[in-house]
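Just so it is clear, the structure is predicted and the values come from calculations on it, not from any experiment. Residue numbering restarts at 1 for every chain, and letters A, B, ... go by the order of the sequence lines.
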There are 2 protein chains.
Amino acid sequence: MRNLVSCCPIEEVMQILSGRWPTLLIYYLQQGTKRFNDLRRDNPTISHKMLAFELRKLEHAGIVLRTEFESYPLRVEYALTPAGKRLVPLIDALGDWWEATDGNAGEQDGNAADIVDFGQSEHV
Amino acid sequence: MRNLVSCCPIEEVMQILSGRWPTLLIYYLQQGTKRFNDLRRDNPTISHKMLAFELRKLEHAGIVLRTEFESYPLRVEYALTPAGKRLVPLIDALGDWWEATDGNAGEQDGNAADIVDFGQSEHV
DNA sequence: AGTAAATTACGCACCTTTTTGTTACCACGA
DNA sequence: TCGTGGTAACAAAAAGGTGCGTAATTTACT
């Protein structure tokens, strides 16, 4: 009575992990403790608004630990919590699954290389 | 050189699984073969446009197999591919992880029950 | 020595882009 | 006329980007 039977926890997880940034941020934080601008440098395409928002989301979810130091210009450090560290191999497994699928995907449909772009833009 | 080292496959997976519907649809399809309106009945809040779009996305990703029968009113069946079935336990693991985290989350922050709502609406 | 500028980690307001929903419409057969 | 499995057009909502402000301190320039 656990395996994908209660779909609710999965919905909650996806609410946290959905989007480009959560898994990426977990990836970078898994390398070690980082500061706000470290993460911005790690990922130059994220805006500071998004970074702040996603970090707060991950913090609330218990995945990221935020530590504030009252030094010169104010310093904040971000790190994975134990729960966040336990999450890493699960995300990892998804990546492995995708690579395995991707490897032999061509046999079904013919093309699987252009999956990346799902442009739904219809207002052009 | 595989474990969360190459972040790209994870980005691709999240591009497919992000959002409310993909994991939910996988959940319902894991119960067995379904037809379009079966899935609509399973999940009344999804619009048919979204359902069609998400199903096509999952189909392109090699997770869902679409079979069209030329019977009287036209009949289409959706089912998980082998790759889709292999994905199920991974999604499952995320749900289990969340439940485990949720169980002892109170020790860190005090409240972890109201994580669900991340209203970012600022234009009210 | 005095002034200007940069750093740090954001919050806020405005605007654009993307996503999602609503509605109508299609062909077909019972 | 209803249900089947959609597509296309339009509308609303959400997500995301940009730039400004903050406050203390250090560095850079003159």
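B:L94 places none of its side-chain heavy atoms less than 4.5 Å from the side chain of B:T23. The closest side-chain heavy-atom distance from B:Y78 to B:D38 is not below 4.5 Å. Within the 4.5 Å cutoff, the side chain of A:T67 has no heavy atoms near those of the A:V76 side chain. Counting heavy atoms from C-beta on, the side chains of B:L80 and B:I63 come closer than 4.5 Å.
Side-chain proximity of B:M50 to the nucleotides C:dT20, D:dG6, D:dG5 is greatest for C:dT20. When distances are taken from the side chain of B:S47 to each of C:dT22, C:dG11, D:dG3, the shortest belongs to C:dT22. When distances are taken from the side chain of A:N37 to each of C:dA9, D:dT4, D:dA24, the shortest belongs to C:dA9. In the set D:dT4, D:dG16, D:dG6, D:dG6 carries the atom at the smallest distance from any side-chain atom of B:Y78.
To the nearest angstrom, P of C:dT20 lies 12 Å from CG of B:L25. When the C1' atom of D:dG19 is taken as reference, atom NE2 of A:H48 falls 8 Å away, rounded to whole Å. Taking atom NZ of residue A:K49 and atom P of nucleotide D:dA14, one finds them 14 Å apart after rounding to whole Å. Computed from coordinates, the A:F36 CZ to C:dA6 P distance equals 19 Å when rounded to whole Å. The CD1-P distance, from B:I46 to D:dG5, rounds to 15 Å in whole Å. Residue A:R40 contributes atom CZ, which lies 11 Å from atom C1' of D:dG17 at whole-angstrom precision. Taking atom CD of residue A:E70 and atom P of nucleotide D:dT25, one finds them 12 Å apart after rounding to whole Å. Taking atom CD of residue B:E68 and atom P of nucleotide C:dC28, one finds them 14 Å apart after rounding to whole Å.
Across all strands, B:F69 comes closer than 4.0 Å to no nucleic acid atom at all (heavy-atom distances).
Side-chain N/O atoms of B:W21 and B:E54 include no donor and acceptor closer than 3.5 Å.
Under 4.0 angstrom from either OP1 or OP2 of C:dA9 there lies at least one side-chain N or O belonging to A:R35. In this structure, B:R75 does not reach the D:dG5 phosphate: none of its side-chain N or O atoms is under 4.0 Å from OP1 or OP2. Taking 4.0 angstrom as the limit, A:R56 places a side-chain polar atom (N or O) nearer than this to OP1 or OP2 of C:dG11.
Heavy-atom nearest nucleotides on DNA chain D were determined for B:E77 and for A:P73, and the one closer to the 5' end corresponds to B:E77. When the nearest nucleotides of DNA chain D are assigned to B:R66 and A:T45 by heavy-atom distance, the more 5′-ward of the two goes with B:R66.
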